[in-house]
Amino acid sequence: QQPVQSPQAVILREGEDAVINCSSSKALYSVHWYRQKHGEAPVFLMILLKGGEQKGHEKISASFNEKKQQSSLYLTASQLSYSGTYFCGTVLLQGAQKLVFGQGTRLTINP
Amino acid sequence: ETGVTQTPRHLVMGMTNKKSLKCEQHLGHNAMYWYKQSAKKPLELMFVYNFKEQTENNSVPSRFSPECPNSSHLFLHLHTLQPEDSALYLCASSQDRGEGYGYTFGSGTRLTVV
């Protein structure tokens, strides 16, 4: 039931782009994306609901392919502040409050 | 204060101790959650409360006992823990059932069982 994220870790130079993927073996109702910096709480980035919509947040956007049960997070022209661990979380059923997280993708941005 | 506040930030306890973790949210949310975050493991859902009622217990051992006296406060009572229970315990809240809304997390309690 736990979604699988890939890659597990990414190292970029400032200004480069990154894609983080999240896959589920089960049909999904929604996908959440969070970023956690070391020693801090996870911070909500965006949520995608069933319907395949794409969302954007500054230079960070995400897509949701419900047929493939996959979501991707796109980080464009990465900044040093984007460093951290990114988690996707999935909800299987509408109305369910069981948000299950993937294992995380560690993103390091170097100057 | 705003957001989700957890106390204490750090806790060291022996295996025979009894302690409690506290979580308070000032966001007007109706749902609250406990998650466990261990090194090299994903965030594990423990308990879910919606309007003070427990709606999810993710097969958590009975040595962890949650309490939700109202929609703004959540406790996790700990007793006779094991060293493998050492982890970061995160509280979160969301609006209603969370559909279309993200979770707001507290900074967590770093628990060490000795």
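Keep in mind the model is a prediction, meaning the values are calculated, not measured. Sequence lines set the chain letters: A, B, ... in the order given, protein chains first and strands last, and positions in each chain run from 1. Side chains are part of it too, since the values below use all heavy atoms of this structure and drop only hydrogens, waters and symmetry mates.
- Counting heavy atoms from C-beta on, the side chains of A:Leu92 and A:Leu28 come closer than 4.5 Å.
- Counting only distance, with no hydrogens or angles, the side chain of A:Gln69 and the backbone of A:Ser24 share a donor-acceptor pair below 3.5 Å.
- Contacts between residues 104-114 of chain B and chain A, counted as heavy-atom pairs separated by less than 4.5 Å, involve B:Phe105, B:Gly106, B:Ser107.
- Under a 3.5 Å cut-off, the side chain of A:Ser71 and the backbone N or O of A:Ser63 do form a donor-acceptor pair.
- Within the 4.5 angstrom heavy-atom criterion, no atom of B:Gln6 approaches chain A.
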In a table with atom names and distances, give each donor-acceptor pair under 3.5 Å that connects a side chain of residues 101-111 of chain A to protein atoms at least two apart or in another chain.
unit_1   : atom_1 : unit_2 : atom_2 : d
A:Gln103 : OE1    : A:Gln5 : N      : 3.1
A:Gln103 : NE2    : A:Gln5 : O      : 2.9
A:Thr105 : OG1    : A:Gln5 : NE2    : 3.2
A:Thr105 : OG1    : A:Pro7 : O      : 2.7

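- Of the atoms belonging to B:Leu43, heavy atoms from both backbone and side chain fall under 4.5 Å from chain A.
- The only option from B:Tyr103, B:Tyr33, B:Tyr101 that meets the side-chain hydrogen bond (donor to acceptor under 3.5 Å, both in side chains) definition with B:Ser94 turns out to be B:Tyr33.
- Taking 4.5 Å as the limit, some side-chain heavy atom of B:Leu21 sits within range of a side-chain heavy atom of B:Leu11.
- No donor-acceptor pair closer than 3.5 Å links the side chain of B:Lys19 to the backbone N or O of B:Met13.
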